[in-house]
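In what follows, a structure is listed as structure tokens, so that the remarks can point back to it.
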Amino acid sequence: RNTSVDHKGRVYVRSDTGVRVFVDFRDNLIVDKDDSSVNTQGNRFRYRKGLVHGLSYMGSENSEDAITWNVFKTLMKSPVCKWFSYIFPVHMTGEEYENTEFSFWKEFLPPPSRPVKEGKTHVDFSIETPDKLIFVEVKYKSDISPATRYDSERDQIIRNIDVGTWTAGHNGKDFYFFLLLSGECVLSVDRFNLYKKKPERMEEKIGFYRDDIKDYSSVAAHINLLYWENIYRVLQDKAFAEKSGLCLVELLDFLKDKF
């Protein structure tokens with residue numbers, strides 16, 4: 001295949017649509033490149049056709065996984081209490097800050113009452129504290145999937161909410177859901193706002209087998225949109241860099257042409 005080398009010595013291939021895909025997906029990472037979880041994810045999903053056949057999705061300059069890893073793994077180098085509230089509008093206690101578990105691409109089982117077959121839900125980024133379970137579904141250049149493998153009426157938002165509320169409730173925790181995307185994901189925003197503003201639409205999708213949810217308005221109150229553009233502005237703020245104690249030069253360089 002035709003390969004090129006960028007100014008940093010990284011080898012890449014142009015996809016059929018002109019997107020750069022690094023031959024070694026780790027060249028698209030700026031932190032903890034040898035971590036087992038990111039390597040498992042990078043080796044798991046590969047292109048099956050075109051000029052980039054066989055290369056990792058994570059090697060793409062448009063990779064949602066690479067952006068997610070680089071941003072949040074960098075932030076995790078600082079104590080949670082120094083950056084969390086700048087990103088997520090969720091109140092956290094001191095005890096929760098001290099007992100926070102972050103996971104990338106963790107899998108969660110569907111509610112056992114669900115009548116339609118479904119595999120585990122692969123959550124892009126999840127946060128667990130003694131009192132809360134937070135799911136973050138990440139999008140960058142693409143919109144949410146409007147259907148799942150076994151259910152043409154089940155979109156990614158509903159699937160996350162369904163699985164998350166059941167898992168959290170089963171463990172005595174409050175559930176929060178964030179859809180993190182770029183401003184160009186208009187269809188995803190429209191679908192999200194439909195559920196946010198009309199909780200009864202969530203009930204239509206899952207209420208017939210979820211008798212444990214008594215108030216869908218409360219569920220709607222705990223779901224929010226986050227924008228990559230806003231996070232990028234936070235990371236550019238010198239006051240935030242001082243507060244967090246992080247050196248963000250490499251991360252900002254990685255993000256500069258993305259938003």
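Since the model is a prediction, treat every value here as computed from it, not as a measurement.
- With a 4.5 Å cut-off on side-chain heavy atoms, N99 and T129 do not count as touching.
- The minimum heavy-atom distance linking L226 with I87 is given by the pair CD2-O, 3.5 Å.
- Listed for the N70 side chain is no donor-acceptor partner under 3.5 Å among the backbone atoms of L29.
- Looking at D155, its side chain does come within 3.5 Å of a backbone N or O of I158 through a donor-acceptor pair.
- Without hydrogens or angle criteria, S145 side chain to A147 main chain gives no donor-acceptor distance under 3.5 Å.
- The minimum heavy-atom distance between L246 and T74, with the atom names listed, is CD2-O, 3.6 Å.
- The distance from atom CG of L248 to atom CG of L235, rounded to the nearest 0.5 Å, is 6.0 Å.
- Contact annotation: the side chain of Y216 approaches that of R210 to within less than 4.5 Å [non-hydrogen atoms, C-beta and beyond].
- Two rings, from F72 and F102, have their centers 6.0 Å or more apart.
- The main-chain N or O of V21 is never found under 3.5 Å from a side-chain atom of E61 such that the two would form a donor-acceptor pair.
- In this structure, H170 NE2 and F175 CZ are separated by 15.5 Å, a value rounded to the nearest 0.5 Å.
- Aromatic ring centres of F177 and F135: separated by at least 6.0 Å.
- The aromatic ring centres of Y176 and F88 sit 6.0 Å or more apart.
- Across all non-hydrogen atoms, the minimal contact from K256 to Y232 is CA-OH, 3.2 Å.
- Remark: R20 is positioned above the aromatic ring of Y12, its terminal NZ or CZ atom under 6.0 angstrom from the ring centre and at most 45 degrees off the axis.
- With D253 contributing its side chain and V249 its backbone, the two residues share no donor-acceptor pair below 3.5 Å.
- Annotation: cation-pi pair K106/F104 absent, no NZ/CZ under 6.0 Å from the ring centroid and within 45° of its normal.
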